[in-house]
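Owing to the predicted nature of the structure, the values given are computational and were not obtained by experimental measurement. Residues take their numbers from the sequence shown, with the count starting at 1.
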Amino acid sequence: QVQLVESGGGLVQAGGSLRLSCAASGSILIIHDMGWYRQAPGSQRELVARISSGGTTIYADSVKGRFTIYRDNTKNIEYLRMDDLKAEHTAVYYCNANLVVPFRRADDYWGQGTQVTVSS
């Protein structure tokens, strides 16, 4: 089965940086888009950034110029580099991948999430 495992979250001071990673494993035939989403307390899950297999990216307006998404297709890992963090970025960050496993159509898979807390 497919697993998406996030790492890299933690507690940082405002203005600091973190790099999140997400490793995909299992019987994967094709990975299409991958992305990062977040859910702050009392809020719904929202898109942070997304990247296609060819490297095309989209970002939420609130993180443009601060966050960078990239991926290593050889290792099936995606990353999110977060710079100049602010308290408003505090949330649980989730990895997502749209991928294909044997005998199934493409579908979305989610990681368990990693907590990012920014103190101010």
Side-chain angles (χ1 to χ4, degrees):
Q1 60 177 319
V2 173
Q3 287 186 290
L4 301 178
V5 180
E6 301 102 333
S7 62
L11 174 65
V12 297
Q13 295 283 334
S17 298
L18 285 173
R19 189 186 73 165
L20 308 183
S21 63
C22 171
S25 63
S27 300
I28 300 170
L29 297 179
I30 302 170
I31 301 180
H32 297 300
D33 290 4
M34 302 186 77
W36 290 96
Y37 296 72
R38 68 186 177 194
Q39 188 165 16
S43 300
Q44 294 190 335
R45 190 173 302 186
E46 64 179 359
L47 172 72
V48 176
R50 198 156 183 85
I51 183 168
S52 73
S53 61
T56 301
T57 59
I58 57 173
Y59 294 91
D61 288 342
S62 62
V63 305
K64 289 180 180 177
R66 311 169 91 103
F67 293 7
T68 303
I69 186 171
Y70 56 104
R71 61 192 286 178
D72 184 337
N73 290 334
T74 299
K75 298 181 178 180
N76 290 342
I77 299 175
E78 73 162 350
Y79 303 90
L80 183 70
R81 184 173 64 249
M82 304 183 292
D83 296 316
D84 193 25
L85 285 162
K86 305 298 182 185
E88 66 192 55
H89 299 130
T90 294
V92 178
Y93 285 71
Y94 296 90
C95 176
N96 171 270
N98 184 264
L99 54 81
V100 181
V101 300
F103 309 109
R104 298 214 64 186
R105 64 186 181 277
D107 203 0
D108 284 339
Y109 293 80
W110 293 90
Q112 293 295 107
T114 184
Q115 177 71 48
V116 172
T117 303
V118 184
S119 62
S120 62

Side chain to side chain contact (heavy atoms under 4.5 Å, CB included) evaluation trace for Leu47 with Arg38: CA-CA 7 Å; Leu47 172 72; Arg38 68 186 177 194; over 6 Å; no
Take Val2 and Val101, measure what side chain to side chain contact (heavy atoms under 4.5 Å, CB included) needs, and give me the verdict at the end. CA-CA 8 Å; Val2 173; Val101 300; 3.4 Å; yes
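Side-chain contact of Thr117 with Gln115: a donor-acceptor pair under 3.5 Å is present, judged by distance alone. Side-chain contact of Asn98 with Asp108: a donor-acceptor pair under 3.5 Å is present, judged by distance alone. Asn76 and Arg71 are not linked by any side-chain donor-acceptor pair at a separation below 3.5 angstrom, with hydrogens and angles left out of the test. Remark: the Tyr37 side chain and the Arg50 side chain contain an N/O donor-acceptor pair separated by less than 3.5 Å. Side-chain polar atoms of Ser17 and Asp83 form a donor-acceptor pair below 3.5 angstrom.
When every heavy atom of Leu18 is checked against every heavy atom of Val116, the shortest pair comes out as CD1-CG1, 3.9 Å. Residue Ala91 comes nearest to Gln39 through the heavy atom pair CB-O, 3.5 Å, listed as atom of the first residue, atom of the second, then distance. Residues Ala24 and Leu4 share a closest heavy-atom pair of CB-CD2, 3.3 Å. Taking both residues in full, the closest heavy atoms of Gly9 and Leu20 are given as N-CD2, 3.6 Å, listed atom of the first, atom of the second, then distance. The two residues Tyr94 and Gly111 have their closest heavy-atom pair at CD2-O, 3.7 Å.
The structure places OG of Ser53 at 12.0 Å from CG of Leu99, a figure rounded to the nearest 0.5 Å. To the nearest 0.5 Å, the span separating CD1 on Ile51 from CG on Asn73 amounts to 8.0 Å. The CD1 atom of Ile31 sits 12.5 Å away from atom OG of Ser52, with the distance rounded to the nearest 0.5 Å. In this structure, Gln13 CD and Ser119 OG are separated by 3.5 Å, a value rounded to the nearest 0.5 Å. Between Tyr79 atom OH and Met34 atom CE the span is 10.5 Å, to the nearest 0.5 Å. To the nearest 0.5 angstrom, Glu88 atom CD is 10.0 Å from Ser120 atom OG.
Linking ILVMFWY side-chain heavy atoms closer than 4.5 Å, directly or via other members, places Val92 and Trp110 in a single hydrophobic cluster. Under the 4.5 Å side-chain heavy-atom criterion for ILVMFWY residues, a single connected hydrophobic cluster contains both Met82 and Val12.
Side-chain atoms of Glu6 come within 3.5 Å of backbone atoms of Gly113 as a donor-acceptor pair (strictly under, hydrogens ignored). No donor-acceptor pair under 3.5 Å is formed between the side chain of Tyr93 and the backbone N or O of Val48.
If you look at Trp36 and Phe67, their ring centroids are not closer than 6.0 Å.
Scanning for side chain to side chain contact (heavy atoms under 4.5 Å, CB included) contacts around Ser7 gives Ser21, with sequence neighbours left out. Pro41 meets the side chain to side chain contact (heavy atoms under 4.5 Å, CB included) test with no other residue; sequence neighbours excluded. Not a single side-chain hydrogen bond (donor to acceptor under 3.5 Å, both in side chains) links Thr57 to another residue, sequence neighbours left out.
At a threshold of 4.0 Å, the pair Asp84-Lys86 counts as salt-bridged, since one of the basic side-chain nitrogens sits closer than that to a carboxylate oxygen.
Contact check for Leu80 versus Glu78: no side-chain heavy atoms found under the 4.5 Å cut-off. Annotation: side chain of Cys22 is not in contact with side chain of Ile77 (no heavy-atom distance under 4.5 Å). Between Arg81 and Tyr70, some side-chain heavy-atom pair lies under the 4.5 Å cut-off.
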